[in-house]
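What follows is a single structure, written as structure tokens, with notes after it.
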Amino acid sequence: MTKEKFQLEFPIHASPSMLYQYFATPSGLGEWFADNVNSRGELFTFIWDDSEEQAKLLASKNDDRAKFHWLEDEDDDAYFEFKIQVDAITKDVSLIITDFAEEDEMDEAKMLWENQIAELKHTIGA
């Protein structure tokens, strides 16, 4: 079954440089996304209770975005990306999440991201 791309936007009251640290570094990701995160070069290992998954950092731009691909994902085109968007007029900061899910798992995937971003906001006090 092919995966479909989706995007979610979350307003976050934080500076782009601070926010970037929470999704582009192992220590930042370990505070809200997984129980622990290690990296060796472009390879990130995400650890939860009894499981771990590896993702390759495909691209990153300081204070702007980080894009990963799960190594176990059979869909080579699938990725997940954190992108910071700043409104030119209001200077409001939003975090844009791009991910892929199968059609029958779309709602669950979106809910998972909503819960994860709620945890991020709680962690940074946004």
Side-chain angles (χ1 to χ4, degrees):
M1 194 176 270
T2 59
K3 293 186 173 187
E4 294 179 27
K5 181 178 175 178
F6 67 92
Q7 284 191 321
L8 300 170
E9 181 174 344
F10 300 94
I12 298 196
H13 301 291
S15 72
S17 58
M18 183 184 101
L19 185 56
Y20 179 78
Q21 299 305 314
Y22 281 94
F23 61 75
T25 65
S27 60
L29 285 161
E31 288 194 47
W32 68 278
F33 189 76
D35 295 334
N36 193 12
V37 180
N38 300 312
S39 72
R40 183 168 286 139
E42 296 175 339
L43 193 64
F44 282 62
T45 303
F46 296 84
I47 301 162
W48 295 273
D49 293 333
D50 296 330
S51 67
E52 67 177 55
E53 284 193 55
Q54 292 187 315
K56 182 178 181 184
L57 179 64
L58 300 176
S60 96
K61 183 176 177 192
N62 212 19
D63 300 347
D64 183 58
R65 69 178 66 211
K67 182 176 180 179
F68 295 88
H69 171 74
W70 293 115
L71 295 185
E72 291 183 9
D73 195 333
E74 294 173 5
D75 185 345
D76 290 338
D77 295 329
Y79 61 88
F80 64 102
E81 180 180 52
F82 305 95
K83 182 177 184 324
I84 299 170
Q85 182 174 291
V86 181
D87 185 285
I89 297 168
T90 64
K91 302 296 183 209
D92 288 343
V93 175
S94 292
L95 181 60
I96 311 292
I97 302 292
T98 303
D99 199 358
F100 289 76
E102 293 180 4
E103 190 177 342
D104 61 342
E105 297 175 354
M106 189 68 69
D107 290 341
E108 186 180 327
K110 289 179 179 178
M111 195 173 359
L112 179 65
W113 277 115
E114 288 167 4
N115 290 337
Q116 291 294 103
I117 299 304
E119 180 67 27
L120 171 63
K121 287 180 174 182
H122 176 77
T123 300
I124 63 177

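Keep in mind that this is a model prediction, so the values were computed, not measured. Residues take their numbers from the sequence shown, with the count starting at 1.
- Expressed to the nearest 0.5 Å, how far CG of Leu19 lies from CD1 of Ile124 amounts to 5.5 Å.
- Atom CD of Glu119 has more than 12 heavy atoms from other residues, nucleotides or ligands within 6.0 Å.
- Annotation: the span from Asn62 atom CG to Gln21 atom CD amounts to 7.0 Å, rounded to 0.5 Å.
- Here the side chains of Ile12 and Ile84 are not in contact, with every heavy-atom distance at 4.5 Å or above.
- Considering only heavy atoms from C-beta on, Tyr22 stays 4.5 Å or farther from Phe33 through its side chain.
- Contact of the Ile117 side chain with the Leu8 side chain is not registered, since no non-hydrogen atoms from C-beta on lie closer than 4.5 Å.
- Taking the six-membered ring for Trp and thresholds of 30 and 60 degrees, Phe80 and Phe82 have ring planes more than 60 degrees apart, a perpendicular arrangement.
- By the criterion of side-chain heavy atoms lying less than 4.5 angstrom apart, applied directly or through intervening Ile, Leu, Val, Met, Phe, Trp or Tyr residues, Phe100 is not grouped with Phe10; the two fall into different hydrophobic clusters.
- The environment of Asp87 atom CG is dense: over 12 non-hydrogen atoms of other residues, nucleotides or ligands sit within 6.0 angstrom.
- The two residues Ala101 and Ala109 make their nearest non-hydrogen contact at CB-CB, 3.8 Å.
- Between Lys121 and Trp32, every side-chain heavy-atom pair lies at or beyond the 4.5 Å cut-off.
- Side-chain contact between Thr2 and Asp75 is absent, with no heavy atoms from C-beta onward closer than 4.5 Å.
- The distance from the CD atom of Glu4 to the CG atom of Asp99 is 12.5 Å, given to the nearest 0.5 Å.
- Ile97 has its side chain out of reach of Gln116: every pair of non-hydrogen atoms, C-beta onward, lies at least 4.5 Å apart.
- Partners of Tyr20 according to the ring pair (Phe, Tyr, Trp, His ring centres under 6.0 Å) rule, which considers only residues two or more places apart in sequence or in another chain, are Phe23.
- Interatomic distance, Ile96 CD1 to Arg65 CZ, rounded to the nearest 0.5 Å: 10.5 Å.
- The six-membered or imidazole ring of Phe46 lies near that of Trp70, with a centre-to-centre distance under 6.0 Å.
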CA sep, side-chain torsions, deciding dist, call: Lys5, Tyr79, side-chain contact (heavy atoms from CB on, under 4.5 Å): CA-CA 9 Å; Lys5 181 178 175 178; Tyr79 61 88; 3.5 Å; yes
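- Side-chain contact between Pro16 and Val93 is present, with at least one heavy-atom pair separated by less than 4.5 Å.
- Residue Ser17 holds its OG atom at 12.5 Å from CG of Asp64, rounded to the nearest 0.5 Å.
- Although no hydrogens or angles enter the test, the distance criterion places no donor-acceptor pair under 3.5 Å between the side chain of Lys61 and the main chain of Lys83.
- Between the CE atom in Met106 and the NZ atom in Lys3 there is a gap of 10.0 Å [rounded to 0.5 Å].
- Side-chain contact check for Glu52 and Thr45: no donor-acceptor pair (N or O, by modelled atom type) lies under 3.5 Å.
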